[in-house]
Amino acid sequence: MIELLSILGVTLILLGLFFMITSSLGLIRLPDIYTRAHASGKCDALGQALMLFGFVLYTDFGPQTVKLVLIMVMLYILTPTATHAIVRAAYIHGKKPWKRGEERE
């Protein structure tokens, strides 16, 4: 049973790593702040949650499990809030969304 949890934990960690790398590629490849924020907000939150849940399964259940779950909860509250604040600040400062056919910045 412990071997199965370790394998599942490593699988979730690698899947979370995939989403984190996808998020990084989105930050590089996408054209404006709005699409970049969407990619980073969604993929980072999912990647972080998968990695932390993988760490919970990989380690023995104890005090560190409670800490990892609390970190997961805080990240699910703070990541969308920070992404929304950044995009709202860009909108307030007059940053226009990219449209097809326009030059990338």
Side-chain angles (χ1 to χ4, degrees):
M1 184 66 182
I2 293 176
E3 185 69 29
L4 179 64
L5 287 178
S6 296
I7 291 171
L8 184 60
V10 170
T11 304
L12 288 175
I13 291 168
L14 291 175
L15 189 61
L17 181 64
F18 168 75
F19 279 106
M20 297 294 285
I21 290 171
T22 303
S23 172
S24 300
L25 291 175
L27 282 174
I28 294 170
R29 301 278 303 163
L30 294 174
D32 68 341
I33 190 167
Y34 302 107
T35 54
R36 289 176 183 169
H38 180 75
S40 66
K42 300 291 183 186
C43 289
D44 277 351
L46 181 60
Q48 291 167 355
L50 286 173
M51 289 178 79
L52 288 170
F53 192 63
F55 293 148
V56 166
L57 294 178
Y58 190 75
T59 60
D60 294 332
F61 293 99
Q64 68 271 16
T65 305
V66 176
K67 292 176 188 175
L68 288 170
V69 170
L70 287 175
I71 291 171
M72 238 187 316
V73 169
M74 290 302 294
L75 283 174
Y76 259 102
I77 294 170
L78 295 176
T79 300
T81 306
T83 302
H84 174 76
I86 291 169
V87 169
R88 187 166 189 263
Y91 181 76
I92 288 172
H93 287 291
K95 190 75 173 159
K96 300 288 182 199
W98 175 81
K99 293 180 181 156
R100 187 176 298 271
E102 290 181 355
E103 186 74 22
R104 286 180 65 171
E105 296 177 7

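Side chains included, hydrogens not; waters and symmetry mates left out as well; all remaining heavy atoms used.
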Can you find a heavy atom in the side chain of Phe18 that is under 4.5 Å from one in the side chain of Leu14?
no
Shortest non-hydrogen contact from Ser23 toward Cys43:
CB-CB, 3.4 Å
Hydrophobic clustering (ILVMFWY, side-chain heavy atoms < 4.5 Å, transitive) - are Phe53 and Val69 grouped together?
yes
Could you tell me whether the side chain of Leu17 reaches within less than 4.5 Å of the side chain of Ile21, counting heavy atoms only?
yes
Can you give me the closest heavy-atom contact between Gly26 and Ala39, atom names plus distance?
CA-CB, 4.2 Å
dist Glu3:CD -> Leu8:CG (nearest 0.5 Å) comes out at 12.0 Å
When rounded to the nearest 0.5 Å, the distance separating CD1 of Ile33 from NE2 of His93 is 10.0 Å
Measuring only between side-chain heavy atoms, which start at C-beta, is Met51 closer than 4.5 Å to Leu12?
no
Would Trp98 and Thr35 count as a side chain to side chain contact (heavy atoms under 4.5 Å, CB included) here? Give the steps.
CA-CA 9 Å; Trp98 175 81; Thr35 54; 5.8 Å; no
Hydrophobic clustering (ILVMFWY, side-chain heavy atoms < 4.5 Å, transitive) - are Phe61 and Leu68 grouped together?
yes
Minimum heavy-atom distance Gly41-Thr83, with the two atoms named:
CA-OG1, 3.8 Å
Taking every heavy atom of Asp32 against every heavy atom of Pro97, the minimum-distance pair comes out as OD2-CA, 3.4 Å
What are the two closest non-hydrogen atoms of Gly9 and Leu57, and how far apart are they?
CA-CB, 4.0 Å
Mind checking whether Leu50 and Tyr58 sit in one hydrophobic cluster, side chains of I, L, V, M, F, W, Y counted as touching below 4.5 Å?
no
Could you tell me whether a side-chain N or O of Asp44 sits under 3.5 Å from a main-chain N or O of Gly47, the two making a donor and an acceptor?
no
Residue set satisfying side chain to side chain contact (heavy atoms under 4.5 Å, CB included) with Tyr91, at least two apart, ordered chain then number -> Tyr34
Rounded distance (nearest 0.5 Å) linking atom CD1 of Ile13 with atom CG of Leu52:
9.0 Å
Any idea which heavy atoms bring Arg36 and Leu30 closest together, and the distance?
NE-O, 2.8 Å
Let me check something: any side-chain donor-acceptor pairs from residues 70-82 under 3.5 Å, sequence neighbours excluded? List them with distances.
unit_1 : atom_1 : unit_2 : atom_2 : d
Thr79  : OG1    : Leu75  : O      : 2.9
Thr81  : OG1    : Ile77  : O      : 2.7

